[in-house]
Amino acid sequence: MKKDDWKERLNIVYSTNSSFEYEKEEVREEETLNKEKQCLRISLDKKNRAGKAVTLITGFVGCDHDLQVLGKLLKAKCGVGGSAKDQQIIIQGDLRKRVLDILLKESYLKSRII
């Protein structure tokens with residue numbers, strides 16, 4: 001056992017049993033669905049944004065890295081800023097139609113505007 005693995009131990013402080021196995025938290029990254037199976041919803045959102053409109057893309061199922069890649073692609077193709085976190089992508093401005101066209105060209109066939 002390493003000396004610095006105390007951060008990985010859960011639910012136990014100390015054990016005198018030499019064959020004791022510590023519980024370790026397993027962090028599993030969610031597997032990304034295929035583009036054709038992703039059901040993305042595109043909507044306009046103005047809540048808590050000081051009256052500014054943003055295009056909100058929700059419904060992404062997959063790992064955070066793939067979400068970041070898709071967000072970067074959409075921001076670059078639209079020529080605006082935004083962010084991708086918490087399984088949703090935020091694009092600045094009302095660009096619902098343009099985002100839908102880009103997603104359909106990228107094979108996200110189940111995408112729709114709400």
Quick check: closest heavy atoms across Gln38 and Lys110, and the distance to 0.1 Å?
O-CB, 3.3 Å
Shortest non-hydrogen pair, Gly71 vs Ala84, comes out as CA-CB, 4.3 Å
Which side chain to side chain donor-acceptor pair (under 3.5 Å) pairs, counting each pair once, include a residue from residues 48-57, with sequence neighbours left out?
Asp45-Arg49
Could you list all the side chain to side chain donor-acceptor pair (under 3.5 Å) pairs where at least one residue sits in residues 86-95, not counting sequence neighbours?
Asp94-Arg96
Apply salt bridge (charged side-chain N to carboxylate O under 4.0 Å, His left out) to Lys46 and list each qualifying residue two or more places apart in sequence or on a separate chain.
none
If two hydrophobic side chains count as joined below 4.5 Å and joins carry through other members, does [X] share a cluster with [Y]?
X     : Y     : result
Ile89 : Ile42 : yes
Leu33 : Leu67 : no
Ile91 : Leu73 : yes
Leu56 : Leu44 : no

Atom [atom1] of [X] and atom [atom2] of [Y]: how far apart are they, to the nearest 0.5 Å?
X      : Y      : atom1 : atom2 : value
Lys72  : Ser83  : NZ    : OG    : 14.5 Å
Leu104 : Leu109 : CG    : CG    : 7.0 Å
Lys97  : Leu100 : NZ    : CG    : 5.5 Å

Is there a side-chain contact between [X] and [Y] in this structure, where contact means two heavy atoms from C-beta onward sitting under 4.5 Å apart?
X      : Y      : value
Leu74  : Leu103 : yes
Tyr108 : Ile102 : no
Thr58  : Ser43  : no
Lys105 : Lys77  : no

Do side-chain atoms of Arg98 reach the backbone of Cys78 as a donor and acceptor pair under 3.5 angstrom?
yes
Option from Thr32, Ile57, Leu40 for which side chain to side chain contact (heavy atoms under 4.5 Å, CB included) with Leu70 holds
Leu40
Would you indicate whether Lys75, at its atom NZ, is surrounded by more than 12 heavy atoms from other residues, nucleotides or ligands within a distance under 6.0 Å?
yes
